[in-house]
Amino acid sequence: MRFLADVEQPTVAVVGLGYVGSCVAGALADRGAHVIGIDKDATRVAELAAGHVRVNEPGLSELMARCSGGPQLRVTDEYRAAAEADVVLVTVGTPACDDGALADEQLAVACRELGRHLRRGQLVIAKSTVPPGTTRDLVVPLLESGGLRCGEDLGVAFSPERLSEGSALRELATFPMVVGGICPDSSRAAQDFWQRGLGVEVRVVESVEAAEIVKLVNNWWIDHNIALANEVGKFCTAFEVDSLQVISAANTIHRGNGPVNVLLPSVGVGGSCLTKDPWMVQRAARDRDVALHTVTTAREVNDSMPHYTAELVLGDLRGRGRELEESAVAVLGLAYKNNTGDLRETPTLPMVDQLRRAGVSVTVHDPLADPGEIASKFDTTPCASAYDAAAGVDCVAVLAWHQVMTELDFGELGRAVNEECLLLDGRAYFDGDTIAELENRGFRYRGVGR
Ligand SMILES: NC(=O)c1ccc[n+]([C@@H]2O[C@H](COP(=O)([O-])OP(=O)(O)OC[C@H]3O[C@@H](n4cnc5c(N)ncnc54)[C@H](O)[C@@H]3O)[C@@H](O)[C@H]2O)c1
């Protein structure tokens, strides 16, 4: 069967309206597709129907406010709406268990429900990150539980989602989409859908398993590369060399098909993906008797960074003869990276915990993260402004540097803090001019790997 052969402008159902689902649904609606968003969380559905997006992604609120409630995008918690779609995208959460195995509950429930409502001729594209074999061994049988045959009545493909929080909408409009179908017709239909729906280049790979592995390799590479950068940072520090200068110079040559691209050292790696996808790789390899070493090494290095960063602060305080119990640190930027409010698995939390265990008082502020979520995760009420957080502290630790924070007045910040205050740069990567300005304002500057 040729899926989508006679469909001019497909209607798309997006199942799972979290970070990925809301960005993908918004991007498709914005380009003219009719989108039906389906989520089992009725509160989230009601919020989206009112044009409110929970996730703090540049441009997404405006986009959803424009599209929600109109003909372009409607949202529901009822699966039966999936029958109206020509293409069904699955973007539910796929956490990993402690041993790296897929915690498949969200995916299994979604596919079983879809199995009850799908009709002949539809194309299902799974996008949630999964270990190789999941589409064929879990998704397909559950979709077929309603009586339709995948590859005959239903097209099925896997297209990994490779967007990055903070630049999701731009990346959805520009990144090539990878497609692996369970049969050539599924691959062809998915390729055609993405080319028309998002206007992006499509790379068709040989199988669903190949497409599943592409996503894992992307995140395996990122985690591993950051681990390299973190160790370069530690190494350079031992020689009193700025690792950012070294990395920037090292990145000026080409190797293989592209430039060397060592990433940057920081307080650590967090978020819901990089902290679990490499473990999925490790587990899937073990299941096939393949011994991998890079995954565990990279995870260990990256998990050590909150501790390393906290020690930079504690070492500075001790070095100045300060009693830790009488010292205070302001942490600015709590999210797991710049330009997102996402606190999932943020490395700033173990860093703050370690400072507190040492007896230091900690104030916190993040302009993008939800204050209620900060309060419950960090066990303190966040300060309304960076200046409030910095009042009377001995160190300002910048652990995420969102675009909105570039408006900060270093003069006012400098007046709020104690004398000889350390500015610890955990992810801001301030340039020479900014460092000079901070020093003019009375701060002593130190960065991870600098
Ligand atoms: N967040 C990222 O930056 C990112 C980037 C690329 C890929 N991914 C992958 O994309 C997938 C989704 O990630 P996310 O961050 O958007 O997750 P999320 O937790 O933010 O969202 C998941 C959504 O699915 C809904 N859901 C759960 N079970 C459901 C069901 N049975 N039916 C309908 N809705 C259901 C939840 O209510 C929630 O709204 C994961 O596989 C993740 O690894 C995430």
Side-chain angles (χ1 to χ4, degrees), residues 13-27 36-48 52-58 60 75-82 88-96 100 102-117 124-131 134-135 138-139 142-143 158-172 175 177-178 211-212 214-220 222-223 269-281 335-346 370 373:
V14 179
V15 181
L17 298 171
Y19 220 111
V20 166
S22 44
C23 289
V24 171
I36 307 164
I38 303 175
D39 200 290
K40 63 166 191 165
D41 179 345
T43 313
R44 192 177 281 246
V45 168
E47 285 171 2
L48 284 168
H52 172 73
V53 206
R54 227 180 268 178
V55 298
N56 212 329
E57 180 63 32
L60 186 62
V75 285
T76 175
D77 58 358
E78 303 230 358
Y79 269 91
R80 83 168 82 95
V88 179
L89 306 180
V90 181
T91 54
V92 297
T94 47
L102 172 68
D104 64 11
E105 196 198 337
Q106 296 184 42
L107 188 62
V109 170
C111 293
R112 197 173 292 118
E113 280 295 325
L114 284 173
R116 295 175 51 217
H117 295 283
V124 179
I125 306 179
K127 292 191 69 56
S128 303
T129 307
V130 289
T134 307
T135 305
L138 179 79
V139 173
L142 291 171
L143 294 178
F158 185 83
S159 280
E161 186 44 70
R162 301 185 293 165
L163 62 77
S164 161
E165 294 183 15
S167 45
L169 296 179
R170 181 170 48 77
E171 292 177 354
L172 277 169
F175 275 9
M177 194 60 79
V178 170
E212 289 166 335
V214 167
K215 169 68 193 184
L216 295 173
V217 168
N218 277 137
N219 278 356
W220 186 0
I222 296 170
D223 199 46
V269 167
S272 63
C273 294
L274 290 177
T275 51
K276 56 117 176 151
D277 294 351
W279 291 123
M280 278 188 183
V281 171
Y336 80 90
K337 61 182 243 185
N338 297 344
N339 298 318
T340 177
D342 199 338
L343 296 175
R344 289 182 285 185
E345 308 298 326
T346 181
D370 176 67
E373 204 187 336

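In what follows, residues are counted from 1 in the order of the sequence shown. First listed ligand is number 1; within each ligand, the first listed atom is number 1.
Salt-bridge check for Arg116 with Glu113: passed, with a basic side-chain N closer than 4.0 Å to an acidic carboxylate O. Note on Glu373 versus Arg54: no salt bridge recorded, every NZ/NE/NH1/NH2 to OD/OE distance being 4.0 Å or above.
With a 4.0 Å heavy-atom cut-off, ligand 1 is reached by no atom of Arg112. Only the backbone of Leu17 comes within 4.0 Å of ligand 1, counting heavy atoms alone; no side-chain atom from C-beta on gets that close. Contacts between Asp277 and ligand 1, counted as non-hydrogen atom pairs separated by less than 4.0 Å, are absent for every part of the residue. Contact annotation for Ala110 and ligand 1: heavy atoms of both the backbone and the side chain come within less than 4.0 Å of the ligand.
Going from atom NZ of Lys40 over to atom CD1 of Ile38 covers 14.0 Å, rounded to the nearest 0.5 Å. Taken from CH2 in Trp220 to CG in Leu274, the straight-line distance is 14.0 Å, to the nearest 0.5 Å. Between atom SG of residue Cys273 and atom CD of residue Glu161 there is a gap of 9.5 Å, rounded to the nearest 0.5 Å. Met280 contributes atom CE, which lies 10.5 Å from atom CG of Asn219 (distance to the nearest 0.5 angstrom).
For ligand 1, none of its N or O atoms has an N or O atom of Tyr336 under 3.5 Å away. The shortest N or O to N or O distance between Glu161 and ligand 1 is not below 3.5 Å. Taking only nitrogen or oxygen atoms, main chain and side chain alike, Val20 reaches within less than 3.5 Å of ligand 1. Between Arg162 and ligand 1, not a single N/O pair is under 3.5 Å apart.
Close approach of ligand 1 to Cys273 is summarised as follows: ligand atoms under 4.0 Å from at least one heavy atom of the residue are 2 (C), 4 (C), 5 (C), 8 (N), 43 (O), 44 (C). Heavy-atom contacts of Lys215 reach the following atoms of ligand 1: 6 (C), 7 (C) (cutoff under 4.0 Å). Remark: ligand 1 atoms within the under-4.0 Å shell around heavy atoms of Arg44 are 39 (O). Remark: ligand 1 atoms within the under-4.0 Å shell around heavy atoms of Leu163 are 5 (C), 6 (C). Residue Val109 approaches ligand 1 through these ligand atoms, each under 4.0 Å from one of its heavy atoms: 31 (N). Set against the non-hydrogen atoms of Thr91, the atoms of ligand 1 under 4.0 Å away are 12 (C). Within ligand 1, the atoms closer than 4.0 Å to a non-hydrogen atom of Lys276 are 43 (O), numbered from 1 in the order shown. Proximity to Asp41 (heavy-atom distance under 4.0 Å) selects the following atoms of ligand 1: 37 (O).
Of the protein's heavy atoms, Lys40 N, 3.3 Å lies nearest to atom 34 (N) of ligand 1. Of the protein's non-hydrogen atoms, Gly16 CA, 3.4 Å is the one closest to atom 24 (O) of ligand 1. Counting only heavy atoms of the protein, atom 32 (N) of ligand 1 lies nearest to Tyr79 OH, 2.3 Å. Shortest contact from atom 39 (O) of ligand 1 to any protein heavy atom: Asp39 OD2, 2.6 Å. Looking only at protein heavy atoms, the nearest one to atom 11 (C) of ligand 1 is Val92 O, 3.4 Å. Here the heavy atom of the protein found nearest to atom 41 (O) of ligand 1 is Thr94 OG1, 2.4 Å. For atom 27 (C) of ligand 1, the closest non-hydrogen atom on the protein side is Gln106 OE1, 2.9 Å. Of all protein heavy atoms, the one closest to atom 1 (N) of ligand 1 is Glu165 OE2, 3.0 Å.
Among Cys111, Pro95, Gly93, the residue whose heavy atom lies nearest to atom 22 (C) of ligand 1 is Gly93.
Put simply, no part of Glu113 is less than 4.0 Å from ligand 1, judged by heavy atoms. The shortest separation from a heavy atom of Lys127 to ligand 1 is not under 4.0 Å, leaving the residue out of contact.
Closest approach of Pro58 to Gly166, counting heavy atoms only: CG-O, 3.5 Å. When every heavy atom of Val88 is checked against every heavy atom of Ala82, the shortest pair comes out as CG2-O, 4.2 Å. Heavy atoms only, all atoms of each residue included: Glu57 and Leu169 are closest at OE2-N, 4.4 Å.
Thr91 pairs in a side chain to side chain contact (heavy atoms under 4.5 Å, CB included) with only one of the listed residues (Leu17, Val14, Val15), which is Val14.
Judged purely by distance below 3.5 Å, without hydrogens or angles, the side chains of Tyr19 and Thr340 pair a donor atom with an acceptor atom. The closest side-chain donor-acceptor pair between Ser164 and Lys337 falls under 3.5 angstrom. A donor-acceptor contact closer than 3.5 angstrom is absent between the side chains of Glu212 and Thr134.
Residues that satisfy the salt bridge (Lys or Arg N to Asp or Glu O under 4.0 Å) test with Glu345, not counting sequence neighbours, are absent from this structure. Checked against side chain to side chain donor-acceptor pair (under 3.5 Å), Asp223 has the following partners two or more places apart in sequence or in another chain: Arg299, Asn302.
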Test Val130 against Lys215 for side-chain contact (heavy atoms from CB on, under 4.5 Å), laying out the working first. CA-CA 9 Å; Val130 289; Lys215 169 68 193 184; over 6 Å; no

